[in-house]
Trainee: 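After the structure tokens below, expect a handful of questions from me.
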There are 2 protein chains.
Amino acid sequence: MAFPKLSKLELQIMDVLWNNGPTAIRDIQESFGPKGRPAYTTVQTMVYRLETKKALRRARKIGNAHIFEAVISRDAAKARLVDEFLSMFGGRMQPVMAQLIEAGNLSPADVADAEKLLRDLAAKKKKEA
Amino acid sequence: MAFPKLSKLELQIMDVLWNNGPTAIRDIQESFGPKGRPAYTTVQTMVYRLETKKALRRARKIGNAHIFEAVISRDAAKARLVDEFLSMFGGRMQPVMAQLIEAGNLSPADVADAEKLLRDLAAKKKKEA
DNA sequence: GCTACGCTCTTACCGTTGTAGTAGGACGCA
DNA sequence: TGCGTCCTACTACAACGGTAAGAGCGTAGC
């Protein structure tokens, strides 16, 4: 229960809370942009479900509207996502990296960043060994 | 339709076909190992659903048993998975790489492989530019 | 030929996700 | 004080994924 599984839409909602801090349902819904956003009650349903999953909680009220805030951290959620993803690849990390890298979509700057991260990691591993 | 979304169990089934070539349901089921494998008919149901999704097809019969073979390629499926995953992160690649790298689970050899891939990619991008 | 075993097909059920409608309470403004 | 608006709370429902049982048919061995 510490780490409930979050679906895509649930994550998008959590993102709003992570980015903006405590937020009302109306504001979450409007943050989806005017095109093709879900209905107010759709967002509401997802928020309620996130509440039962203990991913967020009611922080306070403004008028008769509840203001919700995140309970789980973005990092925890992303770690969970990564696990999920890895399990799809049989838990082996290397093919995943390869796939991601080969899938392109990386700007030269991204490549540089990734390389730096890898070098740091390699250095750390060496020191540990 | 060219590219159906595959769930985790569906992928595990496809993996058997990708690894072993055309396979009967019984053999797919047994490839899950004796512990906690799904029932024969569960595998069968998933295979049938993969068939309607056009992810695999009936290749031939042996006795009264159908032999199934993959229609979609492993690479295509994995590319699709990567897309799915990226969309969870808002489509931005760099944070994903960072998360994966920081999530650990990489052997030194994995790191080296990834670095090499990145260097090759950087070189290719430079040449294109 | 009869029987048993394996495979096919069909059907079903539950949980999750995405979608939304509706009823009713509260609030603010005219 | 009454009307429109906004929010809550509840209910509904379809698609999908995972799970599997049950009925029936074909084949192989006796």
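Quick note on labels: first sequence line is chain A, next is B, and so on, each numbered from 1. Note that this is a predicted model, so its numbers are computed, not measured. Side chains are part of it too, since the values below use all heavy atoms of this structure and drop only hydrogens, waters and symmetry mates.
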Trainee: When you measure from the side chain of Gln29(B) to the backbone of Pro38(B), do you find a donor-acceptor pair of N or O atoms at a distance under 3.5 Å?
Mentor: yes
Trainee: Would you find a donor on one side and an acceptor on the other, under 3.5 Å apart, between the side chain of Glu84(B) and the backbone of Leu81(B)?
Mentor: no
Trainee: On DNA chain C, which is the earliest and which the latest nucleotide, 5' to 3', with an atom closer than 4.0 Å to a heavy atom of chain B?
Mentor: dG6(C) to dT10(C)
Trainee: Any chance you could list the contact pattern along nucleotides 3-10 of chain D? Use B for base contacts, S for sugar-phosphate-only contacts and - for none, protein heavy atoms under 4.0 Å, 5' to 3'.
Mentor: ----SBBB
Trainee: Using side-chain heavy atoms (C-beta onward) and a distance below 4.5 Å, is Leu6(B) in contact with Arg80(B)?
Mentor: no
Trainee: For Glu51(A), check salt bridge (charged side-chain N to carboxylate O under 4.0 Å, His left out) against everything at least two apart and list the hits.
Mentor: Arg58(A)
Trainee: Quick one: list whatever passes salt bridge (charged side-chain N to carboxylate O under 4.0 Å, His left out) with Lys5(A), sequence neighbours left out.
Mentor: none
Trainee: I'd like to know if the side chain of Arg37(B) and the backbone of Ser31(B) have a donor-acceptor N/O pair within less than 3.5 Å.
Mentor: no
Trainee: Taking only distance into account, with no hydrogens and no angle test, what donor-acceptor pairs under 3.5 Å do side-chain atoms of residues 68-76 of chain B form with protein atoms, sequence neighbours excluded?
Mentor:
unit_1: Glu69(B); atom_1: OE2; unit_2: Arg57(B); atom_2: NH1; d: 2.4
unit_1: Ser73(B); atom_1: OG; unit_2: Ala76(B); atom_2: N; d: 3.0
unit_1: Arg74(B); atom_1: NH1; unit_2: Asn19(B); atom_2: OD1; d: 3.2
unit_1: Arg74(B); atom_1: NH2; unit_2: Asp15(B); atom_2: OD1; d: 2.6
unit_1: Arg74(B); atom_1: NH2; unit_2: Asn19(B); atom_2: OD1; d: 3.1

Trainee: Does Thr52(B) reach the main-chain N or O of Leu50(B) with its side chain, forming a donor-acceptor pair under 3.5 Å?
Mentor: no
Trainee: Return the 5'-most residue of the pair Gly63(A), Ala39(A) with respect to DNA chain C, ranking by each residue's nearest nucleotide.
Mentor: Ala39(A)
Trainee: How long is the line joining CZ of Phe32(B) and C1' of dG18(D), in whole Å?
Mentor: 12 Å
Trainee: Please produce a list of atom pairs where a protein N or O lies less than 3.5 Å from an N or O of nucleotides 13-17 of chain D.
Mentor:
unit_1: dG17(D); atom_1: OP2; unit_2: Lys53(B); atom_2: NZ; d: 3.2
unit_1: dG17(D); atom_1: N7; unit_2: Arg49(B); atom_2: NH1; d: 3.4

Trainee: Closest heavy-atom contact between Lys53(A) and Pro4(A)?
Mentor: O-CG, 3.5 Å
Trainee: Would you find a donor on one side and an acceptor on the other, under 3.5 Å apart, between the side chain of Thr45(B) and the backbone of Thr41(B)?
Mentor: yes
